[in-house]
Amino acid sequence: MFFDGATNFKGVGIREVLISESGQHYPSSAKIRFPCTNNMAEYEACILGIRMAIDMNIRELLVIGYSDLLIHHVQGEWSTKNVKILSYLYYVKELCKKFTKIEVKHIPKIQNEFADALATLSSMIQHPYKNYIDPIEVEIKDQHVYSFHVNKEPNGKPWYHDIKKFLVTQEYPEHATNVKIEPSGRWQTIFSLMGKS
């Protein structure tokens, strides 16, 4: 599990990414709307990830972050008298007891790019209190979008021939059916947001 908290002039965002042994990523993020220091944001992000792992019935967990303070606190190498941080530290230690094996490891910030970028994004977003933001999909593209462009159909006419003909003549092609195709998945969501059905 990678975690990160981001504090800037626009607000505070936290992010964690659980990664299974098979490489499946399970990201989660939140925007914080209460006064929060950078160290508190790191603890909030770490707790978000640990609780998510508990909810997923994960028994062994490697927690990775670049917050020296949090890592050394949880490992018991550093102590603190800060009342705000003490509450977080006690809670993290209680959550850690729910695992058969848990390890906390420090890494340089550059190796925590994904969680860092998503935490920064969630800290920068300004949205009304009552709105819900769907999870953001990040797709990997291995080819240029134009590589799927089709100039001509097997019959030698361009793919838009029937559409162009319909716009001119207002007559459906001979092979057309009256079956209505309903949008599904992502397109249904887009049409819903546009107020169309």
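Values in this document were obtained by computation on a predicted structure and should not be read as measured data. All heavy atoms count here, side chains included; hydrogens, waters and symmetry mates do not. For reference, positions follow the sequence shown, starting with 1.
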**Student:** Provide the closest heavy-atom pair for Ala53 versus Leu61 in the form atom of the first, atom of the second, distance.
**Tutor:**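 The pair with the smallest heavy-atom distance is CB-CD2, 4.0 Å.
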**Student:** Mind listing the closest non-hydrogen atom pair of Gly5 and Ala45 along with its distance?
**Tutor:**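 Reported closest heavy-atom pair: N-CB, 4.1 Å.
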**Student:** Go through the structure and list residues passing ring pair (Phe, Tyr, Trp, His ring centres under 6.0 Å) with Tyr172, not counting sequence neighbours.
**Tutor:**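 Applying ring pair (Phe, Tyr, Trp, His ring centres under 6.0 Å) to Tyr172 gives Phe166.
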**Student:** Is the backbone of Leu70 close enough, under 3.5 Å, to the side chain of His72 for a donor and an acceptor to pair up by distance?
**Tutor:**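 Such a contact is absent between His72 side chain and Leu70 backbone.
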**Student:** Check ring pair (Phe, Tyr, Trp, His ring centres under 6.0 Å) between Phe99 and all other residues, then give those that pass, not counting sequence neighbours.
**Tutor:**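 Testing Phe99 for ring pair (Phe, Tyr, Trp, His ring centres under 6.0 Å), a comparison that skips the adjacent residues, returns none.
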**Student:** Going by the salt bridge (Lys or Arg N to Asp or Glu O under 4.0 Å) test, which pairs reach into residues 79-103, not counting sequence neighbours?
**Tutor:**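 The answer is Glu94-Lys97.
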**Student:** Could you grab the distance from atom CD1 of Ile64 to atom CD1 of Ile71, nearest 0.5 Å is fine?
**Tutor:**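 That separation rounds to 9.0 Å.
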**Student:** The criterion is side chain to side chain donor-acceptor pair (under 3.5 Å); which residues satisfy it with Thr100, sequence neighbours excluded?
**Tutor:**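 Expected list: none.
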**Student:** Among all residues two or more places apart in sequence or in another chain, which pass the side chain to side chain donor-acceptor pair (under 3.5 Å) test with Gln24?
**Tutor:**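 Side chain to side chain donor-acceptor pair (under 3.5 Å) list for Gln24, sorted by chain: empty.
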**Student:** Quick one: CE on Met52 to CZ on Phe3, what's the gap to the nearest 0.5 Å?
**Tutor:**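 These two atoms lie 15.5 Å from each other.
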**Student:** Would a single hydrophobic cluster contain both Phe34 and Ile85, if residues Ile, Leu, Val, Met, Phe, Trp and Tyr are joined by side-chain heavy-atom contacts under 4.5 Å?
**Tutor:**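 Same cluster: Ile85 reaches Phe34 through Ile, Leu, Val, Met, Phe, Trp or Tyr contacts under 4.5 Å.
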**Student:** Can you sort out the partners of Ser79 under side chain to side chain contact (heavy atoms under 4.5 Å, CB included), two or more places apart, ordered by chain and number?
**Tutor:**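 Listed in chain order: nothing, the list is empty.
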**Student:** Can you name the nearest heavy-atom pair linking Cys46 to Val63, along with the distance?
**Tutor:**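 Of all heavy-atom pairs spanning Cys46 and Val63, the closest is SG-CG1, 4.0 Å.
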**Student:** What side-chain hydrogen bond (donor to acceptor under 3.5 Å, both in side chains) pairs are there with at least one residue in residues 41-62, not counting sequence neighbours?
**Tutor:**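 Residue pairs passing side-chain hydrogen bond (donor to acceptor under 3.5 Å, both in side chains), neighbours aside: Tyr43-His73, Glu44-Tyr88.
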**Student:** Identify the heavy atoms of Ser28 and Arg15 that sit nearest to each other, and give their distance.
**Tutor:**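 It is O-CD, 2.9 Å.
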**Student:** Provide the closest heavy-atom pair for Cys36 versus Ala41 in the form atom of the first, atom of the second, distance.
**Tutor:**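 For Cys36 and Ala41, the tightest heavy-atom pair comes out as SG-N, 3.5 Å.
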**Student:** About how many Å separate CE of Met56 and OH of Tyr26, when rounded to the nearest 0.5 Å?
**Tutor:**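 Spacing of OH (Tyr26) from CE (Met56) equals 5.0 Å.
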**Student:** Cluster partners of Val168, using ILVMFWY side-chain heavy atoms under 4.5 angstrom, listed by chain and number?
**Tutor:**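 Val168 shares its hydrophobic cluster with no other residue.
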**Student:** Holding to side chain to side chain donor-acceptor pair (under 3.5 Å), I want the full list of residues that pass it with Thr169, two or more places apart in sequence or in another chain.
**Tutor:**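 By the side chain to side chain donor-acceptor pair (under 3.5 Å) rule, Thr169 matches no residue at all.
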**Student:** What I'd like to find out is whether the side chain of Ile58 reaches to under 4.5 Å of the side chain of Leu18, using heavy atoms alone.
**Tutor:**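 They are in contact (side-chain heavy atoms under 4.5 Å apart), so the answer is yes.
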**Student:** From Leu95 CG over to Tyr90 OH, what is the distance, rounded to the nearest 0.5 angstrom?
**Tutor:**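 Going from the CG atom of Leu95 to the OH atom of Tyr90 covers 15.0 Å.
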**Student:** Are the side chains of Ile14 and Ile47 in contact, using a 4.5 Å heavy-atom criterion?
**Tutor:**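 Result no, sub-4.5 Å side-chain heavy-atom pair not found.
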**Student:** Under 4.5 Å between any side-chain heavy atoms of Asp68 and Trp78, yes or no?
**Tutor:**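 Heavy-atom side-chain distance check passes, below 4.5 Å.
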**Student:** For residues Leu86 and Ile50: do they belong to one hydrophobic cluster (side chain heavy atoms under 4.5 Å, members Ile, Leu, Val, Met, Phe, Trp, Tyr)?
**Tutor:**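 No, it is not one cluster - the side chains of Leu86 and Ile50 are not joined through contacts under 4.5 Å.
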**Student:** Check ring pair (Phe, Tyr, Trp, His ring centres under 6.0 Å) between His106 and all other residues, then give those that pass, not counting sequence neighbours.
**Tutor:**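 Counting only residues at least two positions away or on another chain, His106 forms no ring pair (Phe, Tyr, Trp, His ring centres under 6.0 Å).
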**Student:** Please say yes or no: joined through hydrophobic side-chain contacts below 4.5 Å, possibly via intermediate residues, are Tyr91 and Leu69 part of one cluster?
**Tutor:**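 In one cluster with Tyr91: Leu69, no.
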**Student:** Please give me the minimum heavy-atom distance between Ile107 and Tyr66, naming the atom from each residue.
**Tutor:**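 Looking at all heavy atoms of both residues, the closest pair is O-CB, 2.9 Å.
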**Student:** Could you tell me which residues satisfy side chain to side chain contact (heavy atoms under 4.5 Å, CB included) with Thr37, sequence neighbours excluded, listed by chain and number?
**Tutor:**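 Thr37: side chain to side chain contact (heavy atoms under 4.5 Å, CB included) contacts with Asn39, Met40.
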